[in-house]
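A short worksheet on the structure shown next.
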Amino acid sequence: MTTPQILAFGIIAAMMVAFVLGRWRYDVVAVGALLAAVTVGVVKPTEAFKGFSDDIVIIVGSALVVSAAVARTGIMEMAVRRFAPNISTPRAQLILLVLTVTVLSAFIKNIGALAIMMPIAFQMARKSGVSPSLFLMPMSFGSLLGGLMTQIGTSPNIIVSRVRQDLTGVPFTMFDFTPVGAALALVGLVFLAFCYKLLPARTRDTSSMDQAIEIKNYTTEAHVPAQSSAVGMTIGELQRLGGGAAMIIGIIGESGARRKPLPDSIIKEGDVLLLEGAPEALDTMVAQGKLTFSKRRDTKATSDNTGIVEAVVTKTSDLIGRSAQELSLFDRTGLNLLAVSRRDKRFTERLGQIRFQNGDVIVLQGDLKELPDLLRRWNCLPLVERGLKLGSVRNGLVPLLILAAAMATTALGLIPVAIAFFAAAVLMVVSRALPLREVYSHLDAPILIMLAALIPISDSLRTTGGTDVISSWLSQAASVLPAYGALALIMVAAMAVTPFLNNAATVLVMAPIAATFATDLGFQPEAFLMAVAIGAGSDFLTPIGHQCNTLVMGPGGYRFGDYWRLGLPLSILVVLVAVPMLLLVWAL
């Protein structure tokens, strides 16, 4: 090997070791490796930052924004509750969650599909009394399998399609990946449904800040407008929308008369409902019942600067002994009082008539530029921001329509994937499906920076001739192997590299090798390129090779060594199923 080849291999090997040791965050490791590659000359200074303009980075970032907007609507949660309201056993819940995230991952970025379904997994775990770790890793693996089914499901498919275009002039189409990918997804779902018990039960080592300040007894009120789906419902039916974590504690008719909130009491147009429960459950009940926190409040909720803040009333606060109604809170400040919580207290009065006391926790909605000054003036202490959706405006089906349009245009080949998803992300912001102030919080900067930094590093193997060296090694190793053995070898090689290198970067390294590999053996390149995409998209062994595995590690309380327990047999199963399917679908 030449000196540049040795340096390129050495930098990548050192980077892999750093990833495994885990002493530095993965984006820091990737950036450090990029600087080292530039310093020793294996990456030209003019090529160092080309990864930041790569279509892959644009697609990943845009898909995260699109997925966040879809998740914000609560439509997925509504659909699960409507079509599977009685699923309560852990295995049935796991099958539903994995199946849903697998199907979603075929059409939106798999990390986005996983992020959409994770809150539902936590709710189901609480409902069945099991640890969320039972669901999260199988869901992550399901999202990886689902991403194998379409061209846009995962980054490796997009890259390998581009490599085929460079080689043959014809890229893979949207659903060329579906026959093999669907078979793997089906087999994987069956495996996860029966073998999930290989996972140890884990809990988070430390509670999150959200859990530390968890408040379950917020009181709020909601108005029943004419268009509300709650009109004609019973109290029991509406409460079921909250999943048992919220209840109706009072009904005030349009005339002002109070009615007892009995389970079979009928909800009427114009009623004001007093609600109590956890903020997520209250928000779900109001959103799915198409209730309003009040006509007046909703008119102030559409500004890009409008946000929600939780605050504690201190003993020196000017609010003590006074109610929002007496303070003319909305008229004087433009703030909406959305909810109040008091320890061991159930309120019977309307929200605006509650007199504040020391220690009350209040939820205020208003201009985020003005809220800090008002809280200081009132001597109230703001709580850590928890991203409450209570009282936020939803755009209903708009995000789904935007996503469907992006999918249709890419499937028909009218617009490149990067342009379609970038346009979809912009439309999500323009339509206010996702507030502008939240956009950058959903862009996973460490993932994007790592990906952008790894692109020129991985390309250094090609520019230095390192890929030819690896191809020669693989060709020698496979010289006595039949076609299925050669396919299995390239797939296992991609799987072996992926846990230590980003999956997209793995394809950038392995796809040219696979093409050369196939040519040397006298085969067509399509099946080998597909094998690389499957191997790179099937990172089931570590939490560092794919962002989906990284995403569930903290919430699931997993350890580095937990992944191979479930991932190793699944990886073997993928090879055993994928190789004959590739031979069946793609002629060599």
| request: Using atom types as modelled and distance alone, determine if a side-chain donor or acceptor of S140 lies under 3.5 Å from a backbone N or O of L136. | output: no

| message | Using a 3.5 Å distance criterion without hydrogens, assess whether the side chain of T178 forms a donor-acceptor pair with backbone atoms of T150. | response | no

Show the atom names and distances, to 0.1 Å, of all donor-acceptor pairs under 3.5 Å that link a side chain in residues 577-588 to residues at least two apart or in another chain.
none

| request: For residues Q165 and V160, determine if any side-chain heavy atom of one lies less than 4.5 Å from a side-chain heavy atom of the other. | output: no

| message | I'd like to know whether M495 forms a side-chain contact (heavy atoms from CB on, under 4.5 Å) with I572, so could you lay out the CA-CA distance, the side-chain angles of the two residues, the decisive distance to 0.1 Å, and finally the verdict. | response | CA-CA 10 Å; M495 284 182 173; I572 295 172; over 6 Å; no

| Backbone N or O of I455 within a donor-acceptor pair of the D54 side chain at under 3.5 Å? | no

| What are the two closest non-hydrogen atoms of L134 and P90, and how far apart are they? | CD2-CB, 3.7 Å

| task | Taking the side chain as every heavy atom from C-beta outward, state whether L541 and S571 have any atom pair closer than 4.5 Å. | result | yes

| request: Verify side-chain contact (heavy atoms from CB on, under 4.5 Å) between T100 and M139, making sure each step is shown before the conclusion. | output: CA-CA 9 Å; T100 304; M139 288 171 63; over 6 Å; no

| field | V574 side chain near L145 side chain, heavy-atom distance below 4.5 Å | value | yes

| field | Flag side-chain contact, heavy atom, 4.5 Å: F172 against N157 | value | no

| query | What do the steps show when you test N549 against M137 for side-chain contact (heavy atoms from CB on, under 4.5 Å), and what is the final call? | reply | CA-CA 7 Å; N549 290 349; M137 191 184 296; 5.6 Å; no

| note | In short, P179 meets F175 closest at the heavy-atom pair CD-O, 3.7 Å

| query | In Å and rounded to the nearest 0.5 Å, what is the CG to CE distance from L96 to M124? | reply | 4.5 Å

| note | When every non-hydrogen atom of G61 is compared with those of L448, the smallest separation belongs to N-CD2, 3.8 Å

| request: Measure the shortest side-chain to side-chain distance between D539 and C548 over non-hydrogen atoms and say whether it is less than 4.5 angstrom. | output: no

| query | Can you tell me how far CD1 of I419 sits from CG of L414, rounded to the nearest 0.5 angstrom? | reply | 13.5 Å

| said: Can you tell me how far apart CG (L198) and CG (D562) are? Round to the nearest 0.5 Å. | reply: 11.5 Å

| message | Walk me through whether I12 and I457 qualify under side-chain contact (heavy atoms from CB on, under 4.5 Å). | response | CA-CA 8 Å; I12 290 177; I457 296 174; 4.0 Å; yes

| request: Kindly give the heavy-atom pair with the smallest separation between F135 and A121, and that separation in Å. | output: CD1-O, 3.7 Å

| query | Does L434 have any side chain to side chain contact (heavy atoms under 4.5 Å, CB included) partners at least two apart in sequence or in another chain, and if so, which? | reply | V65, A68, A69, R72, E438, V439, H442

| request: Taking all non-hydrogen atoms of both residues into account, name the closest pair between L199 and P138 and its distance. | output: CD1-CD, 3.7 Å

| query | Taking S53 for the side chain and K50 for the main chain, is one N or O donor matched with an acceptor at less than 3.5 Å? | reply | yes

| query | So, S538 side chain and G535 main chain: donor-acceptor pair closer than 3.5 Å or not? | reply | no

| message | Side chains of V66 and I402, heavy atoms from C-beta outward: is any pair under 4.5 Å? | response | no

| For T3, which residues count as a side chain to side chain contact (heavy atoms under 4.5 Å, CB included) partner, sequence neighbours excluded? | L7

| L566 side, atom CG; F141 side, atom CZ - distance, nearest 0.5 Å | 5.0 Å

| remark: Minimal heavy-atom distance between A494 and A536, with the atoms involved, is CB-N, 3.9 Å

| field | CZ (F422) with more than 12 external heavy atoms under 6.0 Å | value | no

| Exam field: side chain E47 to backbone K44, donor-acceptor pair closer than 3.5 Å | no

| said: Can you tell me how far apart CG (L104) and CG (L114) are? Round to the nearest 0.5 Å. | reply: 10.5 Å

| So do the side chains of V42 and Q5 get within less than 4.5 Å of each other, counting heavy atoms only? | no

| field | Donor-acceptor under 3.5 Å (S143 side chain, T102 main chain) | value | no

| query | Does R91 reach the side chain of F194, with side-chain heavy atoms less than 4.5 Å apart? | reply | yes

